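Okay, so here's the structure we're looking at.
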Amino acid sequence: MTELYDYPKYGCPFKRGSKYYYYKNTGLQNQYVLYWQDNLESEASVFLDPNEWSDDGTVALKGKAFSEDGSLLAYGKSSSGSDWLEIHFMKVDGREALDDVLKQVKFSSMAWTHDNKGIFYNRYPETGTKADGTETDINLNQKLFYHVIGTDQKEDVLCCQFPDNPKWMIGAEVTDDGRYVVLTISEG
């Protein structure tokens with residue numbers, strides 16, 4: 001069975017900013033690797049390799065969002081198949097990791113404002129128990145926050161919550177003109 005699955009697999013290329021990206025798995029890697037290149041003819045190189053995040057390959061890239069101009073990246077890291085993740089940030093040029101880390105995140109949007117100052121994202125209230133995917137509690141009271149790059153998560157602005165509907169989950173998307181945030185509500 002291993003031999004049958006050991007072949008290169010590719011995702012569709014996409015463009016963000018001035019760069020082209022695609023996912024590739026050489027065959028038996030635990031996680032797909034994100035590659036980038038200057039144009040469709042140039043040599044690709046590794047942009048983000050989740051296989052380097054843990055010795056056993058169980059930390060995965062779970063969600064990503066490039067800023068409108070492609071200069072910044074927000075991406076989720078999830079451990080051991082959990083739906084909980086931490087959102088990390090990077091300056092694309094130079095692949096420079098930023099200090100910002102957002103926690104208590106699950107089933108989240110990652111929507112950049114067009115000025116590159118920050119993102120809208122979702123998180124749940126801290127429960128006092130572990131949030132590693134082994135808990136069996138129901139997730140209630142998801143909230144939408146706005147995080148400004150370079151600030152502590154404690155300073156994030158609460159944008160939306162529905163205390164009368166604790167099972168509601170909030171999707172957020174910034175409109176193409178950058179002027180509005182559109183919310184999509186679903187019941188979890």
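If you're wondering where the values come from, they're calculated on a predicted model, not measured in any experiment. One-based numbering along the sequence shown.
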(message) Show me the pairs that pass salt bridge (Lys or Arg N to Asp or Glu O under 4.0 Å) and involve residues 172-188, at least two apart or across chains.
(response) none
(request) For S78, enumerate each residue passing the side-chain hydrogen bond (donor to acceptor under 3.5 Å, both in side chains) test, keeping only those at least two apart in sequence or located in another chain. (result) none
(request) Please check if the side chain of Q142 supplies one atom and the backbone of F107 the other of a donor-acceptor pair under 3.5 Å. (result) yes
(request) Measure the spacing between NZ of K103 and CZ of R123 and express it to the nearest 0.5 Å. (result) 12.0 Å
(request) Return the set of residues passing ring pair (Phe, Tyr, Trp, His ring centres under 6.0 Å) with Y21 (not counting sequence neighbours), or none when no residue passes. (result) F14, F47, F66
(request) Check the side chains of N122 and K106 for a donor-acceptor pair under 3.5 angstrom, ignoring hydrogens and angles. (result) no
(message) Under a plain distance cut-off of 3.5 Å, with no hydrogens placed, do D100 and H88 share a side-chain donor-acceptor pair?
(response) no
(message) Does either side chain, that of S71 or that of N116, offer a donor lying less than 3.5 Å from an acceptor on the other one?
(response) yes
(message) N51: which residues meet the side-chain hydrogen bond (donor to acceptor under 3.5 Å, both in side chains) condition with it, sequence neighbours left out?
(response) D49
(message) Can a side-chain donor-acceptor contact be found between D156 and Y121 if the only test is distance below 3.5 angstrom?
(response) yes
(request) With sequence neighbours left out, write down each residue that passes side-chain hydrogen bond (donor to acceptor under 3.5 Å, both in side chains) with E52, or none if nothing qualifies. (result) none
(message) Taking side chain to side chain contact (heavy atoms under 4.5 Å, CB included) as the criterion, tell me which of V174, L102, T113, I149 meets it with I119.
(response) L102
(request) Taking atom types as modelled, find out whether S186 and W168 have a side-chain donor-acceptor pair closer than 3.5 angstrom. (result) no
(request) Calculate, to the nearest 0.5 Å, the distance between atoms OG and CG belonging to S79 and D56 respectively. (result) 9.0 Å
(request) Measure from NZ or CZ of K9 to the centre of the six-membered ring of Y5 and say whether it is under 6.0 Å with the direction within 45° of the ring axis. (result) yes
(message) Taking transitive links into account, so neighbours of neighbours count too, which hydrophobic residues share a cluster with Y180 at under 4.5 Å side-chain distance?
(response) none
(request) Verify whether the ring centers belonging to H147 and F120 lie closer than 6.0 Å. (result) no
(message) Looking at K143, I want to see if its NZ is surrounded by more than 12 non-hydrogen atoms of other residues, nucleotides or ligands under 6.0 Å.
(response) yes
